[in-house]
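Reviewing the structure listed below.
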Amino acid sequence: MSGTIFDISKSGRSAKAQMPKGVNEKHNIPKNYLRKDKPLLPEVSELQVVRHYTNLSRKNFSIDTQFYPLGSCTMKYNPRGVHRLAFLEGFLNHHPLSLDENSQGFMACAYELQEILKVVTGMRGVSLTPMAGAQGEFAGVAMIRAYHELRGDTLRDEIIVPDAAHGTNPATAAQCGYKVIEIPTGPDGNVDIEALRKIAGPKTAGIMLTNPSTLGVFDQNIQEIAKTIHSVGGLLYYDGANLNAILGKVRPGDMGFDVMHINLHKTFATPHGGGGPGGGPVAVSERLVPFLPTPIVGKTETGFRWLTKEQCPQSIGRLSAFMGNAGIILRAYMYARLLGQEGMIRIAEYATLNANYLLTKLRKAGFTPAYPKRLASHEFIITLKNEARDLHINALDVAKRLLDYGFHAPTMYFPLLVPECLLIEPTETESKEVLDAFADTMIKILEEAKTNPELLKNAPHHLPVRRLDEVKAARELDLVYNPQLPSDV
Amino acid sequence: MSGTIFDISKSGRSAKAQMPKGVNEKHNIPKNYLRKDKPLLPEVSELQVVRHYTNLSRKNFSIDTQFYPLGSCTMKYNPRGVHRLAFLEGFLNHHPLSLDENSQGFMACAYELQEILKVVTGMRGVSLTPMAGAQGEFAGVAMIRAYHELRGDTLRDEIIVPDAAHGTNPATAAQCGYKVIEIPTGPDGNVDIEALRKIAGPKTAGIMLTNPSTLGVFDQNIQEIAKTIHSVGGLLYYDGANLNAILGKVRPGDMGFDVMHINLHKTFATPHGGGGPGGGPVAVSERLVPFLPTPIVGKTETGFRWLTKEQCPQSIGRLSAFMGNAGIILRAYMYARLLGQEGMIRIAEYATLNANYLLTKLRKAGFTPAYPKRLASHEFIITLKNEARDLHINALDVAKRLLDYGFHAPTMYFPLLVPECLLIEPTETESKEVLDAFADTMIKILEEAKTNPELLKNAPHHLPVRRLDEVKAARELDLVYNPQLPSDV
Amino acid sequence: MPFIPHTKEDTKAMLETIGVSSMADLFKEIPSALQTANLSNLAPQLNESELSRLMHERANLDNHLTCFIGAGAYQHHIPAAVWEVTSRGEFLTAYTPYQAEASQGTLQLLYEFQTMMAGLMALDVSNASLYDGASALAEAILMAARHERKAETHKVLLPRTIHPLYREVVKAIVGQHDHIELIEIDFDLKTGQTTLEKISGDRFTALVIPQPNFFGVLEDTDELTDWIHKKNGLAIAVVNPLAMSLLKPPGLWGEKGADIACGEGQPLGIPLAAGGPYYGFLCCRQDLVRQMPGRIVGRTVDAEGKQGFVLTLQAREQHIRRAKANSNICTNQGLLVTASTIYMSLMGPEGLRLTALASHQNTVFLQEKLSKLSGVNIIFNSPLFHELVIKIKQPVDEVIQKLAKFKIQAGFALQKYYPELGNCLLICVTETKTKEDIEFFTKKLKEVIDQPVTTRAET
Amino acid sequence: MPFIPHTKEDTKAMLETIGVSSMADLFKEIPSALQTANLSNLAPQLNESELSRLMHERANLDNHLTCFIGAGAYQHHIPAAVWEVTSRGEFLTAYTPYQAEASQGTLQLLYEFQTMMAGLMALDVSNASLYDGASALAEAILMAARHERKAETHKVLLPRTIHPLYREVVKAIVGQHDHIELIEIDFDLKTGQTTLEKISGDRFTALVIPQPNFFGVLEDTDELTDWIHKKNGLAIAVVNPLAMSLLKPPGLWGEKGADIACGEGQPLGIPLAAGGPYYGFLCCRQDLVRQMPGRIVGRTVDAEGKQGFVLTLQAREQHIRRAKANSNICTNQGLLVTASTIYMSLMGPEGLRLTALASHQNTVFLQEKLSKLSGVNIIFNSPLFHELVIKIKQPVDEVIQKLAKFKIQAGFALQKYYPELGNCLLICVTETKTKEDIEFFTKKLKEVIDQPVTTRAET
Ligand SMILES: Cc1ncc(COP(=O)(O)O)c(C=O)c1O
Ligand SMILES: Cc1ncc(COP(=O)(O)O)c(C=O)c1O
């Protein structure tokens, strides 16, 4: 029953209740402008569609069904009420080019979210338009560039990025035309401050950091780092992917950062949707406010209004045709309102509590923390390098075996500098019981690794498919269904 | 991970975003009226609830996920659009005791459904209020009783019911104070007309029939039956559970029936919800119109209005506090509108085509139809009495093995008169491909029965649980969770 | 042909397999004289897009008045998760769980529901639902009569403080049983409570005890329960289940507790929805379980000893016992129970109690406001839950109509069912109403009743 | 603490296990000088019930005008099943499918999506989405530049008939790359089509070709494609994907077909929703696949030889290639693609074509109506898809505001982005509009333009 939708397609079939009515074949279009063939789209009934995709969905792990401790991704509970309310027809049927006076409901939410984000980041200006973290990074680095350029400071062509950084950081810097200078991490998980001092200089446009870092530790030298970069005329970019670790506790603005993004689909609990959509608002300190991407919602006496190029002439411009992922903005706003001040403060506390609790349990059970002397932030790394050496099982095997037990695997092999690593982020919405069950399972798997390693090597056993051949996928590219080729129904 | 919700409950936990706010402990209620203990309800977080019930749902078979050929139950596609539109807030927030002038939207739909049901049943009056087929039966038999009583015809205390009838038929007759007279079925599946002639007489209040019957065949003598019953002064009740077989083709009113119910959750595709809700409107011929249960929607020049006791003094009364399963009425109305005339006519045709096609395939493969000389209606019976005798596997074993292959089992052991029977109803919304796959699976199971009967005996193998012990369940009653007893988490 | 997946070629091939040459041949056993259905009067077919437009228009007709009507159907906050999860195809489009192994989702949920309801009622067992509160009361009465096996006739006491529409339903259903006599008992015009004073006779099958009663008034359920137990009858509670998180539950009434509890499940996560689908619940003492109507789920084990759930005690039901069954009910209100179970899980004991308490406090707040209006009389002096009866000088129907112009649904007029309560209005305030809503109601009511009385013709 | 499941006892026990005595201890590595967050300015916490009320009020502010605005976002019928299934927790709350075995649902769906998009575009391959149509165009241009590896600088021709907001986005994104020059080309004021006449120079990296263009006008895509191919540049199509069910798809343009096709996926089952989330799609010829940005899913086999799906060609992406990646994109618009895939499955080739055709016919119907109004000029004489430009005598902004009073959103004023198109209005009519809607629009437009011109101060 797991063929593709094309395998159940049959010429002449359709979901009749969905067909437009009263359409004849009349049109004003010259013949050579017309399509002649029938595109390869499925021809199926409504029940077939519902059944096919319902059953497909059942092959996914998700927060709604499993513990999903995917490090760096903040897979916390996505409130259903928020999703439902974003589907109110007044929002859904709202055209992005409506008159401002017909858009006050949405704009009020967006405006208030801008204000909320200023408060929690300690920044002075916010633009909600970037559509994911990476686009927020792009906006941020573009603003850094615009800032230097406006000051005529045009020789700066380097962006410093730690070796632990997420791939989007160097990729973004490169997309903005910068050279990427990698900086190493010290044995304590902090940026090697000596190395930084050597690297930073007149060519430094800025540094991209996340703190706590993707190593799951808070860089205690952050003030020193800020001083170093600022003193050479560079700016600091904060990658907000880990904001959940400090929300309500510490503010990037106070750490000395000049610009940052916030991943709404992480910290603000908007559903990740199997790959997106996200939201990557950027927040900036005073000096970068003029460069914020547009549109931004402004407030006047008569109501809210869009600020665009005209009002923000130094803006780096527009990153989406309309207002970014407006529906995600709505959802993040609602989530913030459901939390309020108290709820917001608790996020970092309980996310951190859960991470340290799980780390403690795993350490006691014999797992090796990557940074044993450090407290965890909202996430932490264990390295299986010993197990790989002694038992010949690796992080991938453990990850796949976890799936068998109904747990989504942690992030594997990232950050790149820690060998055989698992980056584990429980988030604050998981209960002690779930963490205990996860720890027990990890212990069980470690036991299996000793007594029956094949169980791990061949995992998963109980999923819709066994371990998949990625090499074949890349070598013998099969990216679209070919009705001529046999399919495995 | 399959403990009950109580197994993950912990004192002091709650779904905070759902808690009413600003409540203090003030009240005007005397102390001895108050509850002192905390009721045994789960104390869990919102994520725990969503995850628990999402995962529970995944342990169900359903139309949205499987072929569900449950005979007599008409498990056809339930259009999602209909479900969604019934959730429009104007309908959802509508209090049943609203003024008529604030209820015109719902009433328009209900009124038009009454009219639609008259057209498709060939009856003269309709009341939508019964909340399922059985309550429709109750209303119908109560009307028969009221009819006889009003005419002073008070000696009639018998209702005739075929041995093939659904259990609700005799149960209803008994609930209305009637003696139930069972009448046998002939070898062709028709009611034994000779027996009927003998039984019918001055004590006969009426007969309850469904045609096509639950044996999956159309009783060809229906006109004769009607004549027989009417000639002794009795009335004919039509059990509309099988209306899908004849919708748009033959009308119960034309067959001579005086009163009937319609199972909206079968023929009109409203979702069965894992046990309900249903809808069991009653339709009647002219002479029973005064007795219809209330409320009914009437139409006046100024709009729709409720007709109750005052307007219908001879009514058998009210069967629900308000308007029955109003939301189901809405859904059935919408389904009817999506079908229109053409769609309605096609129902019986394609339901019958599918049943006969599947019957043919199974017969050719060696299965034994219960009524080999007859065409199937929208459903049909195969009997596994030969297999039970020769291979020692029974209908239950085959049913359970079907589950392993991802098909819901047909109705088993009903009607009671056919040994080792499976009552199979594919419905019109299933494709030829699905029927072919089902037939192939049945053939495979028959093969397994011969080569490896244990596979069937011990089935199911691939479901969340293996075969369940029903005897233990009834003997050692465990109907509520007891926190003191161990639970299998 | 909406929803039919057959292509022309399919149809042809299938007819060929069957060995007939046309669709008509499939119906040849049906006397052709009967094949007369004419559907040409049906309204034209709509596609989903057109249907959506039509239904939006209609839904907007029944529009968004602030609802102060209660009278058996109550507007409460329903967490979005309730219907989001309930509407999953696997819950929504499954049948009654006849194949237990393929229905563990629904079955386990029902077992959890039974536990929650039994817990709320402080009784031993619960069934898996009946149609609605009114029909559940009828079934409870029939159950009591079955329990009293030896008696030839049964007298059941039915207070007038029970919802008048419930009483109509009980009459229609129980009325089919000639051996059961329903006796109405009156209430005290001062307290609004049921009074046993005028009852003569000694042998009663059951007394029905509402809590709160139809007027929102709290009954002295201990006294009523002990009274009927002294007469050797059963105490049948008919209660608002939400209120039971705050008020003494039936199982603890009086010395021995009520024997049966039933009622309307709607307040537990079910939208008003024009009156349904809701669901009736029914709980009882363990020794009455075999008299229960409706489905019951039990916990058992599978072939490997693992926990699982099945429909049990089916010998009470129509599909096994046929004419001798406890009831004819088959399809019940499973989906609503699904929603309610999720609702109760989300709210928990504390959420339910706070909801009940907030509703009570809002009603008391309204009571205080109204008691200061001249021309408004609070007529009962008993403790109340979340409903309130006022008496005014104007015809209530007119006042209701006038308030509707301000988008207020003011309440339920009692006169039709209680002639002695002329110009009386039953008002409900749940936790969904804000202070501002209540003040607006008070203000507008004052405006309306301060106007000179008009005749109906003018409105 | 909404959404946090810890009881007091849990917290205590967990701190003990960790071996610290307070929450604050968990943050002790953070310099205390930094622990200064002050959130007291945040708006007060709401529960879901209060939030629901607030959001209903706000949603009602953005209310239900009949929408004749197109300009890149189009109102179409979306079958309810689309979002019902898309909103299932397993799709909604999964992450990017990094663990393929635990993500076969999403992965197979993406493979099906890629097939459908490639099919619609008549190109070989598709990625699994980009952010939106505008950023997809920017990525397509960067892709063309990467393809032309040897060149030091790249000239890309960007017609002014491309959506002006897309051009702004392209400038913001591609503008970061100093070696790419964007050259705008003009359109013919009579036809509304792109004209190549004034272009000088010979070496171009790519020509962007819209179909339909921003004015709703159909371009002669064959000619444009062949032209750029003759210059050895790539043809980048930016198209309305719905229109491709009716119009000649990019892969078949000219002699060799366009090389890259991109655009906005919104017309395929995504609600207007104030502008997003939508998604960008990107298809290309097989030999360009390694230049593609974004996720791509491939079909493979598992350890037992059974079909399965994985993310593939990851060496193009940031998490592997880092600074050398094709793009920095990571999170894309997966859920929207889920909806679109279900939408396309429900509509099928015929449903899409009929939707496109109905929209076209409705637009032509409006065109006919408007052409009869004095004071209204249909300014372009080319074939159109489902948008239409009219020129009136009144200031367009005023006319739009006046029509809004009749609950009509009249369209998009062109003047701001096209000074030469003063008083011009871009109107869109999709299949969702009835004959009556169109007639009402015409009538009200006539009324409004027949009024004497007012100054802005008055409105
Ligand atoms: C540390 C870090 N930075 C940046 C990103 C990129 O964010 P997005 O996926 O929203 O583009 C991620 C997301 O995985 C991340 O974990
Ligand atoms: C033949 C027949 N009659 C009556 C009924 C009873 O209908 P309901 O379940 O709606 O009460 C059924 C339902 O199973 C049935 O199949």
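Residue numbering restarts at 1 for every chain, and letters A, B, ... go by the order of the sequence lines.
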B:Asn24 and C:Gln361: side chain to side chain donor-acceptor pair (under 3.5 Å), yes or no, with the steps?
CA-CA 9 Å; B:Asn24 53 37; C:Gln361 288 172 1; 2.7 Å; yes
Yes or no on salt bridge (Lys or Arg N to Asp or Glu O under 4.0 Å) for C:Arg299 and B:Asp478, after CA distance, side-chain angles and deciding distance?
CA-CA 5 Å; C:Arg299 178 154 68 165; B:Asp478 176 355; 2.9 Å; yes
Apply side chain to side chain donor-acceptor pair (under 3.5 Å) to the pair C:Gln75 and B:His95, showing each step before the final yes or no.
CA-CA 8 Å; C:Gln75 188 168 47; B:His95 196 286; over 6 Å; no
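Contact annotation for C:Ile296: only side-chain heavy atoms (C-beta onward) come within less than 4.5 Å of a heavy atom of chain B. In this structure, chain B has a heavy atom under 4.5 Å from the side chain of C:Ala404, while its backbone stays farther away. C:Ala118 touches chain B through its side chain: at least one heavy atom from C-beta onward sits under 4.5 Å away, while N, CA, C and O do not. With a threshold of 4.5 angstrom between heavy atoms, C:Thr11 approaches chain B through its backbone and through its side chain. With a 4.5 Å cut-off on non-hydrogen atoms, C:Ser129 does not touch chain B at all. The contact between C:Asn47 and chain B is made entirely by backbone atoms, counting heavy-atom distances below 4.5 Å. Of the two parts of C:Val20, neither the backbone nor the side chain holds a non-hydrogen atom closer than 4.5 Å to a non-hydrogen atom of chain B. With a 4.5 Å cut-off on non-hydrogen atoms, C:Cys330 touches chain B through its backbone and its side chain both. Using a 4.5 Å cut-off between heavy atoms, B:Glu25 contacts chain C through both its backbone and its side chain. Contacts of B:Met75 with chain C are made by side-chain atoms alone, with heavy-atom separations under 4.5 Å and no backbone atom involved. In this structure, the portion of C:Leu384 lying under 4.5 Å from any heavy atom of chain B is its backbone and not its side chain. Looking at C:Tyr166, the atoms closer than 4.5 Å to chain B (heavy atoms on both sides) all sit in the side chain, from C-beta outward. At a 4.5 Å heavy-atom cutoff, the contact between C:Thr93 and chain B is made by backbone and side-chain atoms alike.
A pairwise comparison of heavy atoms in B:Arg346 and C:Ile4 identifies CB-CD1, 3.6 Å as the closest pair. Smallest separation of non-hydrogen atoms from B:Asn32 and C:Asp222: O-OD2, 4.1 Å. Between B:Thr4 and C:Gln108, the closest heavy-atom pair is CA-NE2, 3.4 Å.
Salt bridge C:Arg58/B:Glu112: present, at least one basic N to carboxylate O contact under 4.0 Å. C:Glu101 and B:Lys400 are joined by a salt bridge, as a carboxylate oxygen and a charged side-chain nitrogen come within less than 4.0 angstrom of each other. Salt bridge B:Lys309/C:Glu168: present, at least one basic N to carboxylate O contact under 4.0 Å.
Checked against the 6.0 Å centroid criterion, the rings of B:Tyr350 and C:His6 qualify as a close aromatic pair.
Using modelled atom types, one side-chain atom of B:Asn60 and one backbone atom of C:Glu90 make a donor-acceptor pair closer than 3.5 Å. In this structure a side-chain-to-backbone donor-acceptor pair under 3.5 Å is present from C:Asp132 to B:Ala321.
Annotation: cation-pi pair B:Lys249/C:Phe27 present, NZ/CZ under 6.0 Å from the ring centroid and within 45° of its normal.
Using modelled atom types, one finds a donor on one side chain and an acceptor on the other under 3.5 Å when comparing B:Tyr53 with C:Ser345.
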